[in-house]
Amino acid sequence: MASFARSVRLVMGAWLFLLLVTAGSEPCRAQQVNPTASSVTEQQLLQESARIQGRVSIPDQRSSVLMQPAGRDWREFRNVTLRWIGGIAILGMIALIVIFYLIRGMVRLEGGRAGRTIVRFSAFERFVHWMTATCFIVLAISGLNVTFGRPLLLPLIGFENFSEWSLWAKYAHNFLSFPFTIGVVLIFLMWIAGNIPNRVDVDWIRRGGGIVGHDHPPAYRFNAGQKAIYWTVVIGGGLVAATGYQLMFPFYLSGIEGMQLAQIVHSVVAMLFMAVMLAHIYIGTIGMEGAFEAMGSGTVDVNWAREHHNLWLEEENARARRPRPAVTAAE
Ligand code: HEM
């Protein structure tokens with residue numbers, strides 16, 4: 001028994017010794033090059049280790065990182081590449097919309113108005129839509145201020161105004177993230193049933209959705225274009241929310257590399273998201289006659305429903321014709 005206890009102590013001791021040696025190996029490697037030697041170049045230092053790190057006695061050990069060379073690539077992305085991606089996506093989409101509008105013009109109701117309407121969205125659906133859309137627009141403007149504010153806005157309005165505006169924009173970005181996230185979750189639950197891709201969508205896409213030409217391909221409640229918008233909101237919204245909270249509560253879930261990745265995903269997805277939403281806003285306003293009413297008053301003209309969502313109209317008519325179950329008095 002005594003020899004067993006001795007063996008256990010020996011093994012534990014050896015294990016602890018190994019642990020101490022491996023835990024201390026990181027700073028040792030970093031010290032292989034004498035950083036103060038006059039012959040050492042910065043490049044040599046950077047190649048020596050993924051980060052240059054010392055020791056600190058304060059609780060926040062992150063402050064011991066002196067240099068993290070990957071941060072230079074991230075900064076290059078943040079200050080140069082991201083601005084190109086955002087600029088091309090957003091201005092490119094605006095240019096495409098203008099060209100498309102000049103060529104095609106508004107998609108008109110070809111059969112005119114029937115003068116009878118049908119309910120398309122309930123008050124609750126419209127409330128969720130407008131709450132999410134309002135948050136999205138404020139999040140987009142305040143986010144763009146983080147990316148482009150310094151080079152574009154600061155020279156125009158000066159330091160004091162810029163810092164005042166940026167402070168409020170940052171508050172708005174942080175606080176509106178919560179109703180935005182709730183909105184994305186509700187949109188996901190509310191409209192998932194009508195947004196599962198099916199065979200009708202293939203035909204709709206093949207026929208240009210009736211937007212490119214003057215065709216009226218069949219569609220249920222949501223056509224393939226609307227389904228694309230729905231999934232952009234659900235997936236894009238999910239990604240910006242997940243990465244956004246990681247940025248808002250830094251270093252809870254990951255180290256510096258994870259933070260950099262979160263910023264890259266957040267900003268790139270946000271830029272593409274904004275570009276897609278511009279197309280959505282266009283088609284819901286000046287791009288198509290009668291479309292705005294669906295989210296405005298919640299009803300659409302029956303001819304609009306017939307031209308753009310004929311299978312949905314048939315379903316709704318069949319539902320209206322179905323005899324209601326007789327109400328019997330409670331016994
Ligand atoms: C739950 C939702 C969201 C959360 C929690 C969130 C959070 C954040 C945080 C913490 C930052 C860093 C700000 C800073 O550096 O001071 C940020 C940046 C940014 N956000 Fe959001 N955000 C959300 C949604 C959105 C949406 C919907 C958009 C666009 C429509 C957006 C666009 C941006 C942009 C463009 C940046 C700047 C990226 C950069 O240049 O570094 N965000 N966000």
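Owing to the predicted nature of the structure, the values given are computational and were not obtained by experimental measurement.
- Note that the OG1 atom of T117 and the CG atom of N303 stand 12.0 Å from one another [nearest 0.5 Å].
- V146 and M259 fall into different hydrophobic clusters, defined by Ile, Leu, Val, Met, Phe, Trp and Tyr side-chain heavy atoms under 4.5 Å apart, directly or through other members.
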Check the pair W168, Y171 against ring pair (Phe, Tyr, Trp, His ring centres under 6.0 Å), reporting the backbone distance first and the verdict last. CA-CA 5 Å; W168 285 107; Y171 283 146; 5.7 Å; yes

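- Counting only heavy atoms from C-beta outward, the side chains of R116 and D301 never approach each other to under 4.5 Å.
- In the hydrophobic cluster analysis, where Ile, Leu, Val, Met, Phe, Trp and Tyr join through side-chain heavy atoms closer than 4.5 angstrom, F162 is grouped together with F159.
- Around atom CD of E160, no more than 12 heavy atoms belonging to other residues, nucleotides or ligands sit under 6.0 Å away.
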Show the numbers, then the answer: is there a salt bridge (Lys or Arg N to Asp or Glu O under 4.0 Å) between D203 and R199? CA-CA 7 Å; D203 188 42; R199 285 184 33 220; over 6 Å; no

Under the criterion side-chain hydrogen bond (donor to acceptor under 3.5 Å, both in side chains), I'd like the reasoning laid out for E293 against T299: C-alpha separation, chi angles, the key distance, then a yes or no. CA-CA 6 Å; E293 293 152 35; T299 58; over 6 Å; no

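- To the nearest 0.5 angstrom, M295 atom CE is 4.0 Å from F121 atom CZ.
- In terms of heavy atoms, S63 sits closest to V56 at OG-CG2, 3.7 Å.
- At least one side-chain heavy atom of W231 sits less than 4.5 Å from a side-chain heavy atom of V234.
- Checking side-chain atoms of E257 against main-chain N and O of S254 turns up no donor-acceptor pair under 3.5 Å.
- Summarising the geometry of P218 relative to W204, their closest heavy-atom pair is O-CD1, 3.8 Å, with the distance given to 0.1 Å.
- Here ring-ring contact (aromatic ring centres under 6.0 Å, His included) pairs that include residues 267-286, with residues two or more places apart or in two chains, are F136-F273.
- The stretch residues 124-141 participates, sequence neighbours left out, in these side-chain hydrogen bond (donor to acceptor under 3.5 Å, both in side chains) pairs: S122-E125, E125-W191, E125-R221.
- Looking at E307, its side chain never comes within 3.5 Å of a backbone N or O of W304 through a donor-acceptor pair.
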Would R150 and N145 count as a side-chain contact (heavy atoms from CB on, under 4.5 Å) here? Give the steps. CA-CA 8 Å; R150 264 173 173 274; N145 185 57; over 6 Å; no

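- Although no hydrogens or angles enter the test, the distance criterion places no donor-acceptor pair under 3.5 Å between the side chain of Q260 and the main chain of W74.
- S142 has its side chain out of reach of K170: every pair of non-hydrogen atoms, C-beta onward, lies at least 4.5 Å apart.
- Taking the ring axis of W312 as reference, the NZ or CZ atom of R120 stays within 45° of it and closer than 6.0 Å to the ring centre.
- Listed for the N161 side chain is a donor-acceptor partner under 3.5 Å among the backbone atoms of I157.
- Looking at heavy atoms from C-beta onward, V65 lies out of side-chain contact with I256 at the 4.5 angstrom threshold.
- Under a hydrophobic-cluster definition in which Ile, Leu, Val, Met, Phe, Trp and Tyr are linked whenever side-chain heavy atoms come within less than 4.5 Å, directly or via other members, I141 and L176 are assigned to different clusters.
- Within the structure, no pair that satisfies the side-chain hydrogen bond (donor to acceptor under 3.5 Å, both in side chains) test touches residues 270-279, not counting sequence neighbours.
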Carefully, step by step, assess E289 and V107 under the rule side-chain contact (heavy atoms from CB on, under 4.5 Å). CA-CA 6 Å; E289 185 180 2; V107 176; over 6 Å; no

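- N310 is not listed as a side-chain neighbour of H216, based on a closest heavy-atom distance of 4.5 Å or more.
- Here CG of L154 is found 9.0 Å from OG of S163. Values are rounded to the nearest 0.5 Å.
- Contact record, I264 with S267: O-OG, 3.2 Å, taken as the closest heavy-atom pair.
- Put simply, OG on S64 and CD1 on I58 are 9.0 Å apart, with the number rounded to the nearest 0.5 Å.
- Under the 3.5 Å distance criterion, the side-chain polar atoms of R83 are matched with a main-chain donor or acceptor of N79.
- Atom CG of L272 and atom CD1 of I90 lie 9.0 Å apart (nearest 0.5 Å).
- Placement of M190 and V233 within a single hydrophobic cluster is found when ILVMFWY residues are connected by side-chain heavy-atom separations under 4.5 Å, directly or transitively.
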Do N223 and H308 pass the side-chain contact (heavy atoms from CB on, under 4.5 Å) test, and can you show the C-alpha distance, the side-chain angles, and the key distance before you say yes or no? CA-CA 8 Å; N223 61 39; H308 300 299; 5.6 Å; no

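- Looking at heavy atoms from C-beta onward, L313 lies in side-chain contact with V302 at the 4.5 angstrom threshold.
- By the neighbour-count criterion of 12 heavy atoms within 6.0 Å, atom CZ of R104 is densely surrounded, having more than that number from other residues, nucleotides or ligands.
- Shown here for R78 and L82, the closest heavy-atom pair between the two residues is O-CB, 3.9 Å.
- Side-chain atoms of T81 and E76 include no donor-acceptor pair closer than 3.5 Å.
- No side-chain donor-acceptor contact under 3.5 Å links H266 to the backbone of T243.
- Between L278 and I94, the closest side-chain pair of non-hydrogen atoms falls below 4.5 Å.
- By the criterion of side-chain heavy atoms lying less than 4.5 angstrom apart, applied directly or through intervening Ile, Leu, Val, Met, Phe, Trp or Tyr residues, V265 is grouped together with M277 in one hydrophobic cluster.
- Taking the six-membered ring where the residue is Trp, F249 and Y252 present perpendicular rings, their angle passing 60° and hence far from 30°.
- Salt-bridge check for K227 with D201: passed, with a basic side-chain N closer than 4.0 Å to an acidic carboxylate O.
- Remark: the backbone N or O of F222 is not paired with any side-chain donor or acceptor of Y230 at under 3.5 angstrom.
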Checking T181 against Y245 for the side-chain contact (heavy atoms from CB on, under 4.5 Å) test, could you report, in this order, the C-alpha distance in whole Å, the side-chain angles of both residues, the deciding distance, and whether it holds? CA-CA 10 Å; T181 308; Y245 290 123; 2.8 Å; yes

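- In this structure, I281 CD1 and I286 CD1 are separated by 11.0 Å, a value rounded to the nearest 0.5 Å.
- The shortest distance between side-chain heavy atoms of M248 and H173 does not fall below 4.5 Å.
- No option in L189, I196, N195 other than I196 meets the side-chain contact (heavy atoms from CB on, under 4.5 Å) test with I192.
- Taking every heavy atom of both residues into account, A294 and V300 meet most closely at CB-CG1, 3.6 Å.
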Evaluate F175 against F180 for ring pair (Phe, Tyr, Trp, His ring centres under 6.0 Å), listing each step before the verdict. CA-CA 9 Å; F175 287 107; F180 172 77; over 10 Å; no

